[in-house]
Amino acid sequence: MLDPQKIRADFPALHQLVHGKPLVYLDNAATAQKPQIVIDTLSHFYERDNSNVHRGLHALSMRATDAYESARSRVAKFINAADPAEIIFTRGTTESINLVAASWGSANLKPGDVILLTEMEHHSNLVPWQLIAKRTGATLRYLPVIGADAEGGLDLTRLDSLLTPEVKLFAFTHVSNSLGVVNPAAELCAKARARGIITVVDGAQSIGHMPVDVRALDCDFYAFSGHKMAGVTGIGVLYGRRAMLDAMPPWQGGGGMISNVDFFESRWKPAPERFEAGTPNFADAVALGAACDYLDVLGREAIAQHDGALACLAFEKLSELPGIRLLGPRGARSGLVSFAFAEVHAHDIVTFADEDGVALRGGHHCNQPLMRKLGLTGTTRASFYVYNTAEEIDVLVASLRRTLKFFGAA
Ligand code: C6P
């Protein structure tokens, strides 16, 4: 069991007043706060080791290169990848998915091919596929969600009939950022693999919240962002199965990714360098390694239990509010709850909550197609992490009651 009161001491940003009230930070699905050890790792790197990687023979450059490559190995261990070369550092989930779409997609998709997505995808796992579909003549297909509030999650009974021979790639989110649904990623990957279909798992909302083992999932690609897992912004990862990466063309050209350049043609290095053109974000990668250490000390099974229990508690307490519509499953879910009131706009709720020191998110959460399908323009979302407490849920509920009263909705 996690002790959030003890954990809070590690996170300097939590110890502040907002509008004179203690901060209740419930916007963790957008970005999580950073523990002191991650902040210190980043500062130490800049204070002592900063130098460009892979390019210099002097002490600092060698130290920086060691630190960068150690971070790669650390991330590989964090997700149980078979080989550090399967870890490509990117700016985040969005860039990781764009990399697969641009590189694998441009080399492999053709007219008549189908990309299978789900109705609960974030725009980052939707727009890149629309772009590459337009360029290659492939088309998109969607696995639907079940229920007026998507309470049934994905309609898995439809999956077999949608995985037709035209489907070349199946991209889906591990955890939905607006429903809190945890998808059975291993089962989905297994069904795709049995038909020779490539899988891309969007791990933005899962990576910092539960154990993730890419070999157990048996996915081809897994994408995630550092800033949602207690790491800093501007760094993320694309995991790719080695054989896949080695068969893919570069998606960006520049220094660091070539083995030889001539005036008219060039040859590429193998992965991961092939996909890391230019100066990589080595300092933030080193800080990401520290975030992996931090989360592993807490224990990712314990994190999953803590976040899930808070979300279930919030779901139950929120369900007592008049007129509330709660999205996603009742019962087991990941650490977030999304809700809407017919009479009060999500932005008003978030603004009122802010006056009470509570940080929420309101809007479509980059899930516009899903919101439209559910007849919503947006929701309010509370999302939890290792430092959140049951008492903070009471503060949230009290704030919502105050808002509903103000608008005459309670
Ligand atoms: N969701 C949220 O508040 P980036 O921006 O690249 O770090 O992550 C994109 C992304 C991809 N997939 C999922 C499931 C996500 O939740 C996100 C980011 C944030 O829900 C910002 S909209």
Side-chain angles (χ1 to χ4, degrees), residues 25-34 75 88-102 117-131 142-143 145 150 153-154 171-183 185 188 199-210 212 219 221-239 281 284-285 287-288 291 307 311 327-328 333-339 346-347 349-350 353 359-371 376-385:
Y25 187 78
L26 301 181
D27 195 17
N28 295 287
T31 200
Q33 296 302 341
K34 322 302 173 203
V75 170
I88 297 161
F89 285 117
T90 64
R91 281 192 301 127
T93 311
T94 304
E95 190 172 79
S96 297
I97 295 171
N98 274 278
L99 190 167
V100 182
L117 305 173
T118 86
E119 286 182 345
M120 64 171 74
E121 295 316 310
H122 185 279
H123 297 170
S124 293
N125 199 24
L126 206 158
V127 182
W129 303 116
Q130 291 179 343
L131 292 172
Y142 287 90
L143 180 62
V145 296
L154 290 175
F172 61 90
T173 194
H174 198 169
V175 169
S176 159
N177 68 318
S178 54
L179 303 176
V181 177
V182 183
N183 288 321
L188 301 187
T199 48
V200 180
V201 184
D202 174 347
Q205 297 295 346
S206 45
I207 189 69
H209 295 267
M210 59 173 71
V212 170
C219 55
F221 298 100
Y222 198 93
F224 58 93
S225 305
H227 69 97
K228 294 187 201 286
M229 52 168 284
V232 296
T233 47
I235 190 78
V237 169
L238 174 69
Y239 157 80
N281 187 358
D284 291 342
L288 182 62
D307 296 356
L327 299 193
R333 55 169 49 234
S334 84
L336 63 93
V337 180
S338 225
F339 50 93
H347 288 167
I349 292 173
V350 173
L360 299 173
R361 181 146 300 237
H364 53 65
H365 314 298
C366 295
N367 285 130
Q368 278 186 359
L370 175 68
M371 293 292 153
L376 292 162
T377 50
T379 68
T380 305
R381 185 184 67 191
S383 51
F384 306 98
Y385 210 24

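In each ligand, atom 1 is the first atom listed, and ligand 1 is the first ligand listed.
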Aromatic rings His174 and Tyr222: how do their planes relate, parallel, tilted or perpendicular, breaks at 30° and 60°?
perpendicular
Starting at OG1 of Thr379, measure out to NE2 of His365 and round the result to the nearest 0.5 Å.
3.0 Å
Nearest non-hydrogen protein atom to atom 22 (S) of ligand 1, with distance, is His122 NE2, 3.2 Å
Which of the ligand 1 atoms, numbered from 1, are nearer than 4.0 Å to a heavy atom of His227
7 (O)
For residues Ala230 and Ala32, report the shortest heavy-atom separation together with the two atoms involved.
N-CB, 4.1 Å
Distance under 4.0 Å to a non-hydrogen atom of Thr93: what atoms of ligand 1 satisfy this?
6 (O), 8 (O), 11 (C)
For Ala204, counting its heavy atoms only, list the atoms of ligand 1 lying under 4.0 Å from any of them.
10 (C), 11 (C), 12 (N), 13 (C), 15 (C), 17 (C)
Taking only heavy atoms of Gln205 into account, list the atoms of ligand 1 that are under 4.0 Å away from them.
1 (N), 14 (C), 15 (C), 16 (O), 20 (O)
Is it the side chain, the backbone, both or neither of Arg91 that has a heavy atom closer than 4.0 Å to ligand 1?
neither
Contact check: Asp202 vs ligand 1, nitrogen or oxygen atoms, below 3.5 angstrom:
yes
Supply the atom-to-atom distance Gln33 CD to Asn28 CG, rounded to the nearest 0.5 angstrom.
7.0 Å
Does an N or O from Ser124, backbone or side chain, lie closer than 3.5 Å to an N or O of ligand 1?
no
Leu288 side chain near Met229 side chain, heavy-atom distance below 4.5 Å:
yes
Can you measure from NZ (Lys228) to OG1 (Thr233) and round to the nearest 0.5 angstrom?
11.5 Å
State the atoms of ligand 1, each with its element, that fall below the 4.0 Å cut-off from a heavy-atom position in Thr94.
4 (P), 5 (O), 6 (O), 8 (O), 9 (C)
Would one find an N or O of Asn177, backbone or side chain, under 3.5 Å from an N or O of ligand 1?
yes
Between Glu95 and ligand 1, find which residue part has any heavy-atom pair under 4.0 Å and reply side chain, backbone, both or neither.
neither
Tell me, with the steps shown, if Thr93 and Asp202 meet side chain to side chain contact (heavy atoms under 4.5 Å, CB included).
CA-CA 7 Å; Thr93 311; Asp202 174 347; 3.4 Å; yes
Selection from His364, Lys228, Arg381 by shortest heavy-atom distance to atom 19 (C) of ligand 1
Lys228
What are the two closest non-hydrogen atoms of Ala171 and Trp129, and how far apart are they?
CB-NE1, 3.7 Å
Would a distance-only check, ignoring hydrogens and angles, find a side-chain to backbone donor-acceptor pair under 3.5 Å from Ser383 to Leu336?
no
Output the list of atoms in ligand 1 that are nearer than 4.0 Å to some heavy atom of Ala30, sorted by atom number.
2 (C), 3 (O)
Rounded at 0.5 Å granularity, tell me how far OG in Ser96 sits from CD1 in Ile88.
8.0 Å
Which of the numbered atoms in ligand 1 are under 4.0 angstrom from any heavy atom belonging to Thr173?
14 (C)
At under 4.0 Å between heavy atoms, which part of Ser225 makes contact with ligand 1: side chain, backbone, both or neither?
side chain
